[in-house]
Protein chains: 2
Amino acid sequence: MKTPEELVARFREQGYKVTPQRQLIFRLLDGNTAHPTAETLYEVAAKQMPGISLRTVYQTLSELSAMGEVQHIDLGSGAVRFDPNVDDHHHVVCSTCGVVHDVYVNQTPLQFEGDVEGFAVHSTRIVFSGECAHCAHLSA
Amino acid sequence: MKTPEELVARFREQGYKVTPQRQLIFRLLDGNTAHPTAETLYEVAAKQMPGISLRTVYQTLSELSAMGEVQHIDLGSGAVRFDPNVDDHHHVVCSTCGVVHDVYVNQTPLQFEGDVEGFAVHSTRIVFSGECAHCAHLSA
DNA sequence: TGCTAATCAACAAGTCGTGCTAACTAGCAA
DNA sequence: TTGCTAGTTAGCACGACTTGTTGATTAGCA
Ligand SMILES: [Mn+2]
Ligand SMILES: [Mn+2]
Ligand SMILES: [Zn+2]
Ligand SMILES: [Zn+2]
């Protein structure tokens with residue numbers, strides 16, 4: 001994702017108004033590695049800006065997604081998570097606490113076999129599931 | 001997944017009754033590589049057994065899932081898909097028509113880098129997205 | 001300053017899946 | 001064959017997540 005300042009410029013270029021709500025969401029996403037849901041982002045936003053609506057958070061996230069500034073990650077466990085990291089990367093998920101971390105995989109274009117003659121792969125998503133160090137400590 | 005005959009025995013052992021509805025679902029899943037949703041499975045089932053309820057299809061799929069006879073795959077695009085193939089395998093998905101095929105990946109335990117000290121990986125899911133041969137033909 | 005986009009509250013709706021009830025059916029064990 | 005009980009069904013509701021709508025108010029920006 002671009003910096004909040006760059007996003008402000010980008011939004012103005014596109015004819016979108018630069019509102020305090022949008023700017024707040026830019027800042028909350030900047031460098032955010034928590035892979036938040038719209039709901040959790042809204043909760044954090046509401047502390048700094050009581051009155052902001054969940055609807056607006058969803059709306060702004062959709063705009064950022066359409067601009068390619070955030071990606072949305074569906075781990076199949078409830079709400080979609082948003083990720084300002086749009087590098088080519090993958091994720092590890094703790095089955096116990098749900099924490100999500102970025103991982104970078106070497107040999108990304110893997111070889112595979114199957115009944116997939118002529119299939120053109122455009123993207124690859126890998127999710128590693130397991131137990132994070134923190135949860136391993138607690139259960140030990 | 002076990003054969004329908006084996007599932008009949010398995011269900012009886014577990015004290016589950018072997019109903020025509022359950023047997024039909026066993027047969028429809030046997031060798032099924034379509035990765036159907038509960039809804040699509042229901043539609044096929046209803047042709048052979050008008051009156052079967054979607055509720056029962058969901059119920060039986062849950063039972064099979066709990067027994068480890070089918071896995072459910074959430075591709076993040078609508079309903080969960082059910083897979084009688086419980087081998088360690090992955091999937092390719094056509095972004096255009098939504099078809100899902102099995103793929104087998106060598107070097108399954110990939111190396112990765114990231115802020116994941118002490119993370120114990122239990123499973124890895126890979127989804128390749130792109131365009132299938134059929135859709136490539138149509139768009140050419 | 002004024003046009004218009006954006007926001008808000010409030011409510012609805014759509015999708016996917018599950019829960020519940022009440023009545024009926026039927027599997028299976030004795 | 002009988003009888004207990006699990007299973008099925010229709011019908012309705014609900015919960016989570018997300019988007020749509022409407023109508024009033026606010027405020028960005030040319
Ligand atoms: Mn990420
Ligand atoms: Mn499969
Ligand atoms: Zn954890
Ligand atoms: Zn296709």
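In what follows, every heavy atom counts, from backbone to side chain, and hydrogens, waters and symmetry copies are set aside. Chain letters run A, B, ... following the sequence lines, proteins first, then strands; residues in each count from 1.
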Nearest-angstrom distance from the residue atom CD of A:Gln14 to C1' of C:dA6 | 16 Å
Would you mind reading off the distance between A:Arg12 atom CZ and D:dA30 atom C1', rounded to a whole angstrom?
-> 12 Å
Specify the separation, in whole Å, of atom CD of B:Gln23 and atom C1' of C:dA26.
-> 13 Å
Integer-rounded Å distance: C:dT25 P and B:Arg22 CZ | 19 Å
A:Gln48 versus A:Leu24: any side-chain heavy-atom pair under 4.5 Å?
-> yes
For DNA chain D, find the residues of residues 51-60 of chain A with a heavy-atom distance under 4.0 Å and give them by number; none if there aren't any.
-> A:Arg55, A:Tyr58
Once you round it to whole Å, what is the distance between P of C:dC28 and CZ of B:Phe11?
-> 12 Å
May I ask you to evaluate whether B:Thr19 reaches the phosphate of D:dT8, defined as a side-chain N or O under 4.0 Å from OP1 or OP2?
-> yes
Nearest atoms (heavy-atom pairs only) where B:Asn32 meets B:Leu28 = ND2-O, 3.0 Å
Do the rings of B:His89 and B:His35 sit parallel, tilted or perpendicular, given the 30° and 60° boundaries?
-> tilted
Parallel, tilted or perpendicular: which describes the rings of B:Tyr16 and B:Phe11, with under 30° parallel and over 60° perpendicular?
-> tilted
Could you walk me through whether A:Asp83 and A:His72 pass side-chain hydrogen bond (donor to acceptor under 3.5 Å, both in side chains), step by step?
-> CA-CA 6 Å; A:Asp83 193 348; A:His72 49 303; over 6 Å; no
In whole angstroms, how far is the C1' atom of D:dT9 from the CD atom of B:Gln21?
-> 9 Å
In terms of side-chain heavy atoms of B:Val80, which of C:dT7, C:dG17, D:dC29 is nearest?
-> C:dG17
Using atom CG of A:Asp74 as one end and atom C1' of D:dA16 as the other, report the distance to the nearest whole Å.
-> 13 Å
Looking for any heavy atom pair under 4.0 Å, which part of the strands does B:Glu39 touch: base, sugar-phosphate only, or nothing?
-> nothing
Rounded to whole angstrom units, what separation is found between the NZ atom of B:Lys17 and the P atom of D:dA6?
-> 7 Å
If two hydrophobic side chains count as joined below 4.5 Å and joins carry through other members, does B:Ile52 share a cluster with B:Leu64?
-> yes
Report the distance from atom CD of A:Glu69 to atom CD of A:Glu6, rounding to the nearest 0.5 Å.
-> 8.5 Å
